[in-house]
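Worth knowing before you read on, the calculation uses all heavy atoms, side chains too, and leaves out hydrogens, waters and symmetry mates. Reminder, nothing fancy here: chain letters follow the sequence lines and each chain counts from 1.
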Protein chains: 2
Amino acid sequence: MRIVIAHCTVDYAGRLSSHLPEAKRLLMVKADGSVSIHADDRAYKPLNWMSPPCVLKESERDEDGRVIWTVTNKAGERLVITLQDVELDASHELGVDPGLQKDGVEAHLQELLAEQIETLGSGWTLVRREYPTAIGPVDIMARDSDGAHVAVEIKRRGEIDGVEQLTRYLELLNRDPLLAPVRGVFAAQEIKPQARTLAADRGIECAVLDYEVLRGMDDPSSRLF
Amino acid sequence: MRIVIAHCTVDYAGRLSSHLPEAKRLLMVKADGSVSIHADDRAYKPLNWMSPPCVLKESERDEDGRVIWTVTNKAGERLVITLQDVELDASHELGVDPGLQKDGVEAHLQELLAEQIETLGSGWTLVRREYPTAIGPVDIMARDSDGAHVAVEIKRRGEIDGVEQLTRYLELLNRDPLLAPVRGVFAAQEIKPQARTLAADRGIECAVLDYEVLRGMDDPSSRLF
DNA sequence: ATCTCCATGTCGTGC
DNA sequence: GCACGACGTGGAGAT
């Protein structure tokens, strides 16, 4: 990884056009060739960048001490950086990162809820996770205590688009006489009021999931029986 | 801005839990207090981060030469970084950035299309941009050559959620007897097949916009009259 | 503070 | 390769 701190101007032409007036900034060149330009605020987002795969060409220093970096990719996007007054230019070998281990995302919720489908209703049974349909997989397909099918859409945060998604699935599933009528359950750790209202309007039930409880139930050390 | 290159392990507990095993990484502390941790690949995304506003507390060096950074925010999210073998620790004053100037985003498309609404149909007239409704503004409200209202949703890339959005607007607008019937046009630089299919199913027309042409038409230097 | 929607979204995954 | 959905989405603007 190469870290440069310098005054620079930047022009990007690609999916849009953009320009950065001259200012002192951080330039980061990574081992995969990618380049990003950071200001002194916002942890996450660089002001400008080029994602890999891409190629950086560095010009000779001109009579005013300027250097031009031209970063291009296959799609014809182009990032041109003009540097001057370089304060820092450091290269460090970082090696391959072992990567981030995550816990608590939607996949976990789905796993836990599938194992404990009775959380949603007594006597309910799991048909399968990722139940395939023509327009994509339903997170969980289950049957209620009467044997009727229930399509469950799981979100970490339940918002309107999740309800729309489930609505599309239900519309399709209910066209299948072997399945219809299919009930819908919108399950999330948190459900926004607007989503709850829309769900009610569509005849979709809502269920708020408690990740800690689901995980606790799943944790053998916490089981009483 | 403070740049540190060091071996570190990272634990995050907040919206999810995550862990980074020990490896050499770049740590960036910005003037707004935000912290991000970068590996040597992917230009855009840090492995881990804490967005401002947040507070960084740095421990004393322990007997093994380790330092612990604890970054917390108001919401109770917590990022704990254990550093050792610090290779670089550099601070640079960057100042406030003048910011990015953009050209070619949805706002521009909307502006240009509003000026040239006849692109969508001969004899069409603009009612207004950002036409207000109870559930949010419609990008463009127009009238066709028969005087019928047309709601136009503009996207850079037309996907399903854009069609859903327009559908919600149309549902609402068509309840107003002073407006109904309201036609819908889904306009984008590129429309995904699934979105096109859904739009057709909902009786919504699609229009592919050419940004260069719209801009060219708007550019006084290119006008012939 | 909350809600909404855009984004050069990025990133993984399944086809 | 394309398409779809999740993301600690982030970030900006309006209510």
Side-chain angles (χ1 to χ4, degrees), chain A residues 10 12-18 34 36-37 41-52 54 73 75-79 99-100 102-110 130 132-139 153-157 159-162 164-165 168-169 188-189 192-195, chain B residues 12-18 34 36 41-52 54 73-79 99-100 102-110 130 132-139 153-157 159-162 164-165 168-169 188-190 192-195 197-198:
Chain A
V10 184
Y12 166 76
R15 280 170 279 184
L16 53 57
S17 300
S18 73
S34 63
S36 56
I37 300 144
D41 62 352
R42 280 162 303 174
Y44 195 87
K45 206 184 173 191
L47 287 166
N48 237 321
W49 69 93
M50 185 75 85
S51 298
C54 60
N73 70 5
E77 295 176 82
R78 200 180 174 71
L79 189 66
L100 188 66
K102 287 184 184 184
D103 176 32
V105 290
E106 184 192 305
H108 289 260
L109 283 175
Q110 189 190 115
E130 302 288 345
T133 77
I135 55 170
V138 176
D139 287 341
E153 176 67 33
I154 300 171
K155 295 279 181 216
R156 212 173 51 73
R157 284 166 43 197
E159 299 182 28
I160 280 183
D161 57 346
E164 300 283 17
Q165 194 182 338
R168 288 196 298 274
Y169 289 135
Q189 285 182 277
K192 291 287 167 69
Q194 301 243 353
Chain B
Y12 165 76
R15 280 171 277 184
L16 53 59
S17 300
S18 72
S34 63
S36 57
D41 61 352
R42 279 163 302 173
Y44 193 87
K45 207 186 171 188
L47 287 166
N48 240 323
W49 70 95
M50 186 74 86
S51 297
C54 60
N73 69 4
K74 214 71 178 294
E77 295 176 81
R78 200 180 173 71
L79 190 66
L100 187 66
K102 288 184 183 185
D103 177 30
V105 289
E106 185 191 305
H108 288 260
L109 283 176
Q110 190 191 111
E130 301 289 343
T133 77
I135 55 171
V138 175
D139 287 340
E153 176 66 34
I154 301 170
K155 295 280 180 217
R156 214 174 49 74
R157 284 168 45 196
E159 300 182 26
I160 279 182
D161 57 346
E164 297 285 16
Q165 193 181 339
R168 288 197 297 276
Y169 288 134
Q189 285 182 279
E190 175 199 353
K192 291 287 165 72
Q194 301 241 353
T197 304
L198 184 63

**Report entry** Residue closer to the 5' end of DNA chain D, B:Leu79 versus A:Tyr169 (nearest nucleotide)
**Finding:** A:Tyr169
Report task. Round to a whole Å and report the spacing from CD1 of B:Ile135 to C1' of C:dT4. Result -> 11 Å
Report task. Among the candidates C:dT8, D:dG8, D:dA6, find the nucleotide nearest to the side-chain atoms of A:Glu77. Result -> C:dT8
Requested in this report: Would you mind telling me which of C:dT10, D:dG5, D:dG8 lies closest to the side-chain atoms of A:Trp49?
Outcome: C:dT10
Requested in this report: Please test B:Lys192 against B:Ile160 for side chain to side chain contact (heavy atoms under 4.5 Å, CB included), starting from the C-alpha separation and ending with a verdict.
Outcome: CA-CA 8 Å; B:Lys192 291 287 165 72; B:Ile160 279 182; over 6 Å; no
Query raised in the report: How close or far is atom C1' of C:dT8 from atom CD of B:Gln189, stated in whole angstroms?
Result: 12 Å
Query raised in the report: Over how many whole Å does the gap from B:Asp41 atom CG to C:dC11 atom P extend?
Result: 9 Å
Requested in this report: Consider the side chain of A:Lys155, meaning its heavy atoms from C-beta on, and name the nucleotide among D:dG10, C:dT8, D:dA6 that approaches it most closely.
Outcome: D:dA6
Report summary line: Contacts of B:Pro52 and A:Arg168 projected onto DNA chain D by closest heavy atom; the upstream (5') one is A:Arg168
Report task. For nucleotides D:dC7 and C:dC6, find the distance between their C1' atoms and express it as a whole number of Å. Result -> 15 Å
Query raised in the report: If you pin A:Pro193 and B:Asp139 to their nearest nucleotides in DNA chain C, which one's is more 5'?
Result: A:Pro193
Requested in this report: Would you mind telling me which of D:dG10, C:dC3, C:dT8 lies closest to the side-chain atoms of A:Tyr44?
Outcome: D:dG10
Query raised in the report: What integer distance in Å separates A:Leu47:CG from C:dA7:C1'?
Result: 15 Å
Query raised in the report: Of the nucleotides C:dT8, C:dG12, D:dG5, which one has an atom closest to the side chain of A:Asn48?
Result: C:dT8
Query raised in the report: Shortest non-hydrogen contact from A:Tyr12 to A:Leu79?
Result: CB-CD1, 3.7 Å
Query raised in the report: On a whole-Å scale, what distance lies between the P atoms belonging to C:dC11 and D:dG11?
Result: 15 Å
Report task. Report which part of the nucleic acid B:Glu153 touches: base, sugar-phosphate, or nothing (heavy-atom distance under 4.0 Å, all strands). Result -> sugar-phosphate
Requested in this report: Using a heavy-atom cut-off of under 4.0 Å over every strand shown, decide if A:Pro137 touches base, sugar-phosphate, or nothing.
Outcome: nothing
Requested in this report: Mind calculating the distance between CD (A:Gln194) and P (C:dT4) to the nearest angstrom?
Outcome: 4 Å
Report summary line: Rounded to whole Å, the CD-C1' distance (B:Glu164 to C:dT4) equals 16 Å
Report task. Check every strand shown and say whether B:Leu100 touches a base, only sugar-phosphate, or nothing at a heavy-atom separation below 4.0 Å. Result -> base
Report task. Would you confirm whether A:Tyr169, through its side chain, and A:Pro137, through its main-chain N or O, come within 3.5 Å as a donor-acceptor pair? Result -> yes
Query raised in the report: When we call it a touch if two heavy atoms are under 4.0 Å apart, what does A:Arg157 touch: a base, just sugar-phosphate, or nothing?
Result: sugar-phosphate
Report task. Report the distance from atom CD of B:Glu130 to atom CD of B:Gln110, rounding to the nearest 0.5 Å. Result -> 4.5 Å
Query raised in the report: Quick one: does A:Ile154's side chain get under 4.5 Å of A:Glu106's, heavy atoms only?
Result: yes
Report task. Compare side-chain N and O positions of A:Lys45 against OP1 and OP2 of C:dT8 and report whether any pair is under 4.0 Å apart. Result -> yes
Report summary line: In this structure, CD1 of A:Ile37 is separated from CG of A:Asn48 (nearest 0.5 Å) by 5.0 Å
Query raised in the report: Can you tell which of C:dT10, C:dC6, C:dC3 lies closest to the side chain of B:Glu106?
Result: C:dC6
Query - Pairing nucleotide - D:dG5, Watson-Crick or G-U, each distance under 3.5 Å - result: C:dC11
Query raised in the report: Do the side-chain N or O atoms of B:Arg15 get closer than 4.0 angstrom to the phosphate oxygens (OP1, OP2) of D:dG10?
Result: yes
Requested in this report: Ignoring hydrogens and angles, tell me if any N or O in the side chain of A:Ser17 forms a donor-acceptor pair with the backbone of A:Ala13 under 3.5 Å.
Outcome: no
Query raised in the report: If you look at every strand shown and take non-hydrogen atoms under 4.0 Å, does B:Gln165 touch a base, only sugar-phosphate, or nothing?
Result: sugar-phosphate
Report summary line: Here the distance between atom P of C:dC5 and atom CD1 of A:Ile160, to the nearest Å, is 7 Å
Query raised in the report: Atom CG of B:Asp161 to atom P of C:dT4: distance rounded to whole Å?
Result: 15 Å
